[in-house]
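Here's the structure, in structure tokens; my notes come after.
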Amino acid sequence: MGRLFGTDGVRGLANRDVTAELALDLSVAAAHVLGSLGEFEGHRPRAIVGRDSRASGEFLAAAVAAGLASAGVDVNNVGVLPTPAVAYLTAELGVDIGVVLSASHNPMPDNGIKFLAKGGHKLDDELEAAIEARMGEHWERPLGGDVGRIRVDTGRAGEQYIEHLVGTIDVPLTGLRIAVDCANGAASEVGPATLRAAGADVVVINASPDGRNINEKCGSTHPEQLQAAVVASGADLGVAFDGDADRCLAVDASGVLVDGDQIMGILAIAMRDRGDLVADTLVTTVMSNLGLKLAMRDAGIATIDTAVGDRYVLEAMRAGGFSLGGEQSGHIIMAAHATTGDGVLTALQLAARVAATGTTIADLAGVVRRLPQTLVNVPGVDKRRASSDESLLDAVRSAESGLGDTGRVLLRSSGTEDLVRVMVEAGTQAEADRVAHELADVVLHRLAL
């Protein structure tokens with residue numbers, strides 16, 4: 001296979017692409033690479049291993065722990081916890097390596113392996129490449145008392161994470177009823193427990209993971225159940241996590257979805273009002289709706305665009321020292337409290353804004369008027385020329401000029417197929433549809449294979 005690491009660790013079909021053997025070899029190589037950088041000098045190395053609720057996570061976590069321990073690393077297996085919880089604990093406890101077994105919002109048969117460096121940050125591309133390069137090498141194994149030990153956490157790790165989250169807000173959620181869809185995933189226990197600890201009345205759905213039902217027609221990728229539950233229970237709002245709880249989408253009291261762009265808008269204004277929004281700047285991706293950017297401009301908040309993917313948002317945030325960023329999917333990063341996207345933290349902060357202002361989430365979300373958006377996939381084309389064909393680029397510039405300040409055009413090449421995606425936002429849905437299909441015809445004419 002090609003490069004093992006993608007934009008979010010190693011991911012694939014569990015027990016075919018992501019095997020126990022691969023998990024063990026990767027873990028040994030990760031220990032060797034980090035050790036060679038001097039990360040373990042002067043102390044016995046330690047690691048935290050956590051996972052989401054997939055059945056395959058059981059044997060993969062065991063393999064990771066075995067690999068690390070065989071390389072002389074002591075392992076604390078914290079069991080089922082959200083990805084951001086493992087990242088937080090990696091930083092808070094000062095351990096040398098964090099490992100998460102999860103495929104996030106993917107279907108249950110998939111799984112993945114994600115390594116975190118000291119401080120709870122994802123590894124950069126160079127470190128991931130170094131780990132791949134050292135897989136399968138001959139090495140001198142520790143013996144006797146030098147082998148690592150493995151212990152199973154009894155629940156204290158989850159309690160620490162909940163205490164941390166609740167400590168990030170200064171207003172109780174007393175009086176708020178919140179419906180929570182846990183996606184039968186990693187936040188099935190800590191998600192509702194955190195909101196209850198903050199004072200909310202919590203209605204819970206899809207919090208009975210059985211190893212097979214993670215993300216199954218529920219959670220942030222399928223919010224329909226949550227929308228119905230909010231209305232049926234008379235909740236003030238609802239929140240939906242994905243399988244590893246690094247994402248959060250919301251629902252207002254009437255069952256209308258509040259997406260990641262709207263949540264970012266709400267949190268950006270809240271942080272600006274508190275003086276916590278560094279440089280009054282929000283980091284987004286190019287796929288965030290233009291309506292968010294226009295709303296932020298009106299609020300005096302700058303926006304910085306990155307490529308699609310939370311790692312690029314994180315890179316821009318760290319490079320500029322910014323405090324808030326995220327994606328339309330609900331993957332939102334609050335740098336003062338987390339090193340990665342954290343769905344439970346997002347839910348807590350969103351509810352705290354509702355409580356502090358006495359305003360409904362519908363009214364708060366109304367600051368972001370999402371512009372109609374049309375996405376057309378154009379297959380069978382030479383995607384490599386999408387950024388260089390002058391006739392196509394002229395057509396894009398002409399379309400954008402016609403749309404004015406309330407519209408935009410984005411061309412994106414697929415990473416795996418001979419396909420170009422045409423995305424258009426405009427003042428009306430009819431206009432977005434028309435321009436998108438006109439440009440799709442130009443793409444097909446100019447780039448046809």
Side-chain angles (χ1 to χ4, degrees), residues 5-11 27 30 34 39 45-53 57 61 64-65 68 73 75-105 111-124 127-128 131 153 156-168 185-187 189-191 194 241-248 283 309-315 317-318 322-327 329-349:
F5 287 92
T7 58
D8 200 24
V10 178
R11 192 175 291 184
S27 301
L34 293 175
E39 296 291 334
R46 297 182 297 149
I48 286 178
V49 177
R51 63 181 180 88
D52 68 22
S53 57
V64 166
L68 291 171
V73 180
V75 178
N76 180 10
N77 188 339
V78 297
V80 176
L81 277 181
T83 292
V86 177
Y88 165 73
L89 291 165
T90 300
E92 179 67 14
L93 301 179
V95 301
D96 304 283
I97 308 173
V99 190
V100 182
L101 292 309
S102 175
S104 187
H105 58 285
N111 215 324
I113 306 169
K114 184 187 308 183
F115 291 96
L116 303 167
K118 185 176 291 187
H121 296 284
K122 294 181 180 181
L123 303 186
D124 60 31
L127 278 177
E128 289 178 342
I131 290 171
D153 185 83
R156 177 56 188 153
E159 293 171 359
Q160 283 181 272
Y161 176 57
I162 292 170
E163 291 167 4
H164 157 66
L165 292 178
V166 175
T168 67
E189 291 188 14
V190 299
T194 299
F241 308 128
D242 65 336
D244 71 336
D246 64 354
R247 299 185 185 192
C248 173
V283 180
D310 67 286
R311 72 182 302 156
Y312 303 113
V313 174
L314 272 166
E315 285 174 4
M317 290 178 66
R318 294 180 71 181
F322 301 119
S323 51
L324 181 65
E327 298 183 278
S329 62
H331 196 282
I332 295 169
I333 305 158
M334 304 184 74
H337 308 303
T339 59
T340 185
D342 190 328
V344 184
L345 173 65
T346 299
L348 193 65
Q349 293 288 329

> Among Asp342, Leu324, Thr168, which one satisfies side chain to side chain contact (heavy atoms under 4.5 Å, CB included) with Met334?
Replying inline: Leu324
> Taking the side chain from Glu128 and the backbone from Gly9, do they hold a donor-acceptor pair closer than 3.5 Å?
Replying inline: no
> When you measure from the side chain of His337 to the backbone N and O of Gly167, does any donor-acceptor pair fall under 3.5 Å?
Replying inline: no
>> Can you tell me how the ring of Tyr88 sits relative to the ring of Tyr161, calling it parallel under 30°, perpendicular over 60° and tilted otherwise?
In response: tilted
>> Are the side chains of Leu34 and Phe115 in contact, using a 4.5 Å heavy-atom criterion?
In response: no
> What's the spacing between Arg11 CZ and Ile113 CD1 if we round to 0.5 Å?
Replying inline: 11.5 Å
> What's the spacing between Asp153 CG and Asn77 CG if we round to 0.5 Å?
Replying inline: 8.5 Å
>> In the structure I gave you, are the side-chain heavy atoms of Ile97 and Pro45 within less than 4.5 Å of one another anywhere?
In response: no
> Looking only at heavy atoms, what is the nearest atom pair of Val99 and Val86, with distance?
Replying inline: O-CG1, 3.9 Å
> Should Leu116 and Thr339 count as side-chain neighbours, where that means a heavy-atom distance under 4.5 Å?
Replying inline: no
> Rounded to the nearest 0.5 Å, what separation is found between the OG atom of Ser53 and the CG atom of Asp244?
Replying inline: 10.0 Å
>> Is it true that, when you exclude Arg156 itself, more than 12 heavy atoms of the residues, nucleotides or ligands shown sit nearer than 6.0 Å to its CZ?
In response: yes
> Quick one: which of Asp242, Leu345, Val190 gives a side chain to side chain contact (heavy atoms under 4.5 Å, CB included) with Pro82?
Replying inline: Val190
>> Return the CG to OG1 distance between Asp246 and Thr346, rounded to the nearest 0.5 Å.
In response: 9.5 Å
> Is any NZ, NE, NH1 or NH2 atom of the basic residue among Arg46 and Asp96 found under 4.0 Å from an Asp or Glu carboxylate oxygen of the other?
Replying inline: no
>> With a 4.5 Å cut-off on side-chain heavy atoms, are His105 and Ser329 touching?
In response: no
> Which pair of non-hydrogen atoms, one from Thr90 and one from Gly120, has the smallest distance, and what is that distance?
Replying inline: CG2-N, 3.8 Å
> Atom CG of Leu348 and atom OG1 of Thr194: how far apart are they, to the nearest 0.5 Å?
Replying inline: 7.0 Å
> Can you tell me how far SG of Cys248 sits from CD of Gln349, rounded to the nearest 0.5 angstrom?
Replying inline: 11.5 Å
>> Looking at every non-hydrogen atom in both residues, tell me the closest pair between Ala61 and Arg51 and how far apart they are.
In response: CB-CD, 4.1 Å
> Is a salt bridge present between Glu315 and Lys122, judged by a nitrogen-to-oxygen distance below 4.0 Å?
Replying inline: no
>> Whether Asp8 and Lys114 form a salt bridge (side-chain N of Lys/Arg under 4.0 Å from carboxylate O of Asp/Glu) is what I want to check.
In response: yes
> What closest approach, in Å, do Asp52 and Gly243 show between heavy atoms, and which atom pair accounts for it?
Replying inline: CB-O, 3.8 Å
> Side-chain contact, heavy-atom cut-off 4.5 Å: Phe5 with Leu123?
Replying inline: no
>> Would you say that more than 12 heavy atoms from the other residues, nucleotides or ligands in this model lie under 6.0 Å from the CD of Glu189, or not?
In response: no
>> To check you understand the geometry: which heavy-atom pair defines the closest contact between Asn111 and Ser102, and what is its length?
In response: OD1-N, 3.1 Å
>> Show the nearest heavy-atom pair for residues Val313 and Glu327, with the distance to one decimal.
In response: CG2-CG, 4.4 Å
